[in-house]
2 protein chains.
Amino acid sequence: MISHKILKRFLLYRICLHKFQRLGFTKVFSYNLGEEAGVTAEQVRKDFSLLGIKGSKRGGYDIEYLLLEINNIFKQNGERYVIIVGMGNIGQALANYQGFRENKIITVAGFDLDPSKYTRKNIIPVHHPDKIDEIVREYGVKTAIIAVPEAAGQEVCDRLVASGIRAVLNFSPIILHVPEHVTVNYVNLRNELESLFYYT
Amino acid sequence: MISHKILKRFLLYRICLHKFQRLGFTKVFSYNLGEEAGVTAEQVRKDFSLLGIKGSKRGGYDIEYLLLEINNIFKQNGERYVIIVGMGNIGQALANYQGFRENKIITVAGFDLDPSKYTRKNIIPVHHPDKIDEIVREYGVKTAIIAVPEAAGQEVCDRLVASGIRAVLNFSPIILHVPEHVTVNYVNLRNELESLFYYT
């Protein structure tokens, strides 16, 4: 089991490795990667040794190989299905988000209480939340995005968990209560922006 | 100076306090708030004592008062202006985001290289990035959101910093290099979602 903290570091390394690739590099040393990521070279080596990867002292690490191994952690070679509950501004933006599609993340469906969203020209099919169970089972979806107003967040979450969802990305500004086998990541856009006003 | 970690906790407390208000409470004890926020009661008391607030042993804290003091940290009574650079899916969603408008965060303008975005019916005026300087000075904006593709992220950031921006919320999947007086918060939507696939 890799801790959440280390997972986040691997995703950070990936951002840095993509940058090095754009600059034309194919190899990287732990201290280059550490410097760009803001961690020590030792930490970099320790993290990759978790994946059984060792760099060579003279040549460093092969960037392509590191990226492949990082992507494997996040099952990029498997089927990465996701559903979105709440097709407001945020939900719609996520359904259209290139960053997901480019990386083999398939948004199979969206859900919303508002029937006007079912007929609109959406990039993904949008259904009534009553169909969550059916879609989750049909595609074997394990991951869901919650982008509903806060008053509906916990109820939606309970419904998702009951249908078999095991991982939730939550944009609702509430703390979700979930069973132990379910993982929640939080993105609170208002808080991320507001905390900045302290510094201005 | 309040550390970023403590700022985040105050924002977390606010989420919990809003929940208690919805449930009809007007007072809260440190252990109630701590339990909901996932921290110790002692931590809650310590954090609020930083703001010079003490609860009463018999009555606890006044929720309305705590919210007022938390909002003061984030200058809710001042002018909270923000600009958005990059009016793609994410930028547009943020321009329309209720969570900002409800909380007196005023998005004064968006910027995009694509001229078709200037005439579209936007909720905010959208300009060419060449106008960043002018708008930032006109409104005295100190906070900006970057929602451009990764290849443009650093260049946009440099331009913002040069025009006087001191706080950036960055959605581009890159690490930004900024001078010491500038604060950056990162939201990497792809990473937030991808890290979940590890658990599924």
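Protein chains get the first letters and strands the later ones, always in sequence-line order, with residue 1 at the start of each. Heavy-atom basis, side chains included; hydrogens, waters and symmetry copies ignored.
- Tracing side-chain contacts under 4.5 Å through hydrophobic residues (I, L, V, M, F, W, Y), one never reaches Val85(B) starting from Val187(B); they form parts of separate clusters.
- Using a 4.5 Å cut-off between heavy atoms, Ala95(A) does not touch chain B at all.
- For Val168(A), the part lying under 4.5 angstrom from a heavy atom of chain B is the backbone only.
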Per-pair distances, 0.1 Å, donor-acceptor, side chain in residues 98-106 of chain B, under 3.5 Å, sequence neighbours excluded:
| unit_1 | atom_1 | unit_2 | atom_2 | d |
| --- | --- | --- | --- | --- |
| Arg101(B) | NH2 | Asn96(B) | O | 2.8 |
| Asn103(B) | OD1 | Arg190(A) | NH1 | 3.1 |
| Asn103(B) | OD1 | Arg190(A) | NH2 | 2.8 |
| Asn103(B) | ND2 | Gly99(B) | O | 2.8 |

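- When Asn188(A), Ile165(A), Ile73(A), Ile2(A) are compared by the number of non-hydrogen pairs under 4.5 Å with chain B, Ile2(A) comes out ahead.
- Residues of residues 193-200 of chain B lying under 4.5 angstrom from chain A, judged on non-hydrogen atoms, are Leu193(B), Glu194(B), Ser195(B), Leu196(B), Phe197(B), Tyr198(B), Tyr199(B), Thr200(B) by number.
- Residues of residues 7-36 of chain B lying under 4.5 angstrom from chain A, judged on non-hydrogen atoms, are Leu7(B), Lys8(B), Leu11(B), Leu12(B), Arg14(B), Ile15(B), Cys16(B), Lys19(B), Arg22(B), Glu36(B) by number.
- Note on Val184(B): it clusters hydrophobically with Val141(B), by side-chain heavy-atom contacts below 4.5 Å among ILVMFWY residues.
- Proximity to chain B is absent for every atom of His181(A), based on heavy atoms less than 4.5 angstrom apart.
- For the set Glu150(A), Lys142(A), Arg80(A), Arg166(A), the count of heavy-atom pairs under 4.5 angstrom toward chain B peaks at Arg80(A).
- Note that the CG atom of Asn89(A) and the CD1 atom of Ile90(B) stand 11.0 Å from one another [nearest 0.5 Å].
- Heavy atoms from other residues, nucleotides or ligands lying under 6.0 Å from NZ of Lys75(A) number more than 12.
- Counting all heavy atoms, side chain and backbone alike, Asn185(A) lies closest to Glu192(B) at ND2-O, 2.9 Å.
- Both Tyr61(B) and Leu67(B) belong to a single network of hydrophobic side chains, linked directly or stepwise wherever heavy atoms of I, L, V, M, F, W or Y lie under 4.5 Å apart.
- When Asn191(B), Ile175(B), Ile145(B) are compared by the number of non-hydrogen pairs under 4.5 Å with chain A, Asn191(B) comes out ahead.
- Under a hydrophobic clustering in which Ile, Leu, Val, Met, Phe, Trp and Tyr are joined whenever their side-chain heavy atoms come within less than 4.5 Å, directly or via other members, Tyr97(B) and Val148(B) fall into different clusters.
- Ranked by non-hydrogen atom pairs under 4.5 Å with chain B, the options Gly88(A), Ala93(A), Gly91(A) are led by Ala93(A).
- Residues forming a salt bridge (charged side-chain N to carboxylate O under 4.0 Å, His left out) with Asp62(A) (at least two apart in sequence, or on another chain): none.
- One hydrophobic cluster holds both Ile6(A) and Leu51(A) under the rule that ILVMFWY side chains link at heavy-atom gaps under 4.5 Å.
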